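Have a look at the structure below, then the notes.
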Number of protein chains: 2
Amino acid sequence: MRDLPLTLLRALAAVYETGGIRPAGRLLGIQHSVVSRALRDLEAWLEVPLFENRDGQRALIFSAEGVALSKAALDAMKNLEASVLVTREGSSANSVTIATTPSFAMRWLLPRLPGLTETHPKIEVSILVDQARKSPMATGADLNIRMGAQPSQDVDPIPLMDERVFPVMSPGLWEKLGKPSETDDLLDMPLLHDRDPSTSWGIWRKHVGPERLDVRKGPRLTSSDLILRAAEQGQGVALARGRLIEESVASGSLLRPFGDVELDLGTNYWIIANPETGRRRVVQNVVGWLLSEAQNVCDEAPTAISGEEQDQTA
Amino acid sequence: MRDLPLTLLRALAAVYETGGIRPAGRLLGIQHSVVSRALRDLEAWLEVPLFENRDGQRALIFSAEGVALSKAALDAMKNLEASVLVTREGSSANSVTIATTPSFAMRWLLPRLPGLTETHPKIEVSILVDQARKSPMATGADLNIRMGAQPSQDVDPIPLMDERVFPVMSPGLWEKLGKPSETDDLLDMPLLHDRDPSTSWGIWRKHVGPERLDVRKGPRLTSSDLILRAAEQGQGVALARGRLIEESVASGSLLRPFGDVELDLGTNYWIIANPETGRRRVVQNVVGWLLSEAQNVCDEAPTAISGEEQDQTA
DNA sequence: CGGTTTCGGTCTATCAAAGTCACCATGCGT
DNA sequence: ACGCATGGTGACTTTGATAGACCGAAACCG
């Protein structure tokens, strides 16, 4: 611990994140020469080459060790960053920090936040977006919302809501492709792929078909949110989580070419409360609100919307 | 990321780990004054108090935020440290890094390592001890050995071996207590408790009894290894994992007061291979060796020991 | 009670690490 | 050919981490 060259590792993390030395310098707000020197010093200190072509003039290539260490360094930096944020914002008695994935935060949580402010005006919510590469509570957030099958480990998760997936595409692309309406038409469509295994075309093909579907063709993006954006821009068909695209379907930026054909994932969203802070009153209030929000949309109940907004929607 | 005061956070982590400013200074190999200033600067930068009694002269008390941030900082430092170690040692083609818990490394893996060196002389094994607070492969180790129920998440674990737990104690304590032999005698014994839920007396009472057993009395130690050491020193009865105390029972430093009464946990040790490096030949060799070692002791076969050592044991 | 050791806080001066700046060669689009 | 991106390098500057000495307070011990 005492000898860890933290600044050098930070530089490495920045290089890994941005993919270059000058961009890393910009990210860190320092000169690129410092980053360059940092990499050299780090390699000298480790006595292990982190790059393949350190001498060449063109874009650098990470070695296997370089990738591994960079990932770890970036991870550590992100963790620290998140923890610092939580420490800063979580000091108030009425503040609740929720950690979740970018896509869920963007597509489900953020649109509903105003409702929480109305119900509990005093609660200050901080949303912490992470990649869930750490164990659930490592960030120190009060609540953690995770997607996927039940996390079996030590924690006991609260089921938030179920999920189903189905293909979606932009209206523009739909018309361009001749308004397809049968799942067999997927064969001729550009597919958009996700890293999330529960929204993989392989599962869809297995349960719905068509069997001849080639699940390898098409671009493979790293974030569900990116996938949906690509779909909205008409770049292809995405297998979407129903919960995350309610708004896009309602506003017409995405449509379901195959009607109600969908694949049920069962309960797929879980709340994991921080064992240390999760029992606080405010936190429990937020949990209750989350559960009620999930209910509202799960069972129809468009009439269950609180009165104020009806003027605008009407 | 660019503004993270890494050295200050490292100082905080050291203070958290050692419990004091001067000790932290010793740990880091710097003056205590530096640590003191670091804490002050960090609090000023965060605008959040990390300690209750920063002005007082006596041992400092962490605030809630202080504990949370310190944990995160220490965690990040440990991760970085481990990754650096892996990067340094893992650069050879014949090196395999195994990450596991302190107790498993100490009680099962280390004693068997010489055998691996005999079977595969060229393989260089590095053992990385961690606390598993991170997601399985965050350290970059080639193999990860975990205890507990099957880790359901994205990874697909290889079952290593099963486990059973039973009470053990030192021969000295056993005689002192009048050589008890019935599980009901547990009522009058000092119990040693573990953080590991699968070796908690609560589970034992539920499946074996006695029902009146008070599972709260007795010291609560943080590491399985500590528990076993305490038991060997006659400080009480520990609920031990059978796999980890074979040597102690064989050498007579621990005994099983209740004979064969035990609680089966089923498959409880898992190997998780690093998806990036786990397919390397050497790594697969080590996996094979681990599995065969687990077999050797699982089904009797004391005769399966390779010949050399029989002289000494006879 | 005084002696000793430990604790943490604070101050100043110092020195190396981290950073700025300027310049170079290279490759890639136009 | 030109502009603009990429990295690499060397000389200079600044700032932050650090050593070292000193202080007061508390605990321990005879």
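Basis for what follows: all heavy atoms, side chains included, without hydrogens, waters or symmetry-related copies. Every chain is numbered from 1, with letters handed out A, B, ... down the list of sequences. Since this is a predicted model, take the numbers as computed values, not measurements.
- OP1 and OP2 of C:dG8 both lie 4.0 Å or more from every side-chain N or O belonging to B:S36.
- A:R22 has its CZ atom 12 Å from the C1' atom of C:dT26, to the nearest Å.
- For the OP1/OP2 pair of C:dC7 and a distance below 4.0 Å, the side-chain nitrogens and oxygens of B:R26 include at least one atom meeting the criterion.
- Residue A:R2 is classed as having no contact, given no heavy-atom separation below 4.0 Å to the nucleic acid.
- Annotation: of the two residues near DNA chain C, A:R10 and B:G19, the 5′-most nearest-nucleotide partner is B:G19.
- The distance from atom CG of B:L228 to atom CG of B:L192, rounded to the nearest 0.5 Å, is 9.0 Å.
- Regarding A:I21, its CD1 atom lies at a distance of 17 Å from the P atom of C:dT26, rounded to whole Å.
- C:dG19 atom P lies 12 Å from atom CG of A:D41, rounded to whole Å.
- Closest to the side chain of B:I30, out of C:dT10, C:dG8, D:dT18, is D:dT18.
- Looking at every heavy atom in both residues, A:A99 comes nearest to A:A141 through CB-CB, 3.7 Å.
- In this structure, of C:dA18, C:dG8, C:dA22, it is C:dA18 that holds the atom nearest to the side chain of A:L8.
- Checking D:dG7, D:dA19, C:dG19 against every side-chain atom of A:V34, the shortest atom distance belongs to C:dG19.
- Axis deviation across the helix from C:dC1-D:dG30 to C:dT30-D:dA1 amounts to 30°, comparing end segments of five pairs, rounded to 10 degrees.
- Separating the CG atom of A:D3 from the P atom of C:dA16 is a distance of 17 Å, rounded to the nearest angstrom.
- Taking atom NE2 of A:H32 as the reference point, atom P of C:dT20 lies 12 Å away to the nearest angstrom.
- Residue A:P23 places its side chain closer to D:dG7 than to any other of C:dA18, D:dG7, D:dA21.
- The distance between atom CD of B:Q31 and atom C1' of C:dT12, rounded to the nearest whole Å, is 14 Å.
- If you check every strand for non-hydrogen atoms under 4.0 Å, B:R37 touches a base.
- Under 3.5 Å, the side chain of B:S33 and the base of D:dG20 form at least one donor-acceptor pair of N or O atoms.
- Here the side chains of A:E43 and A:L39 are not in contact, with every heavy-atom distance at 4.5 Å or above.
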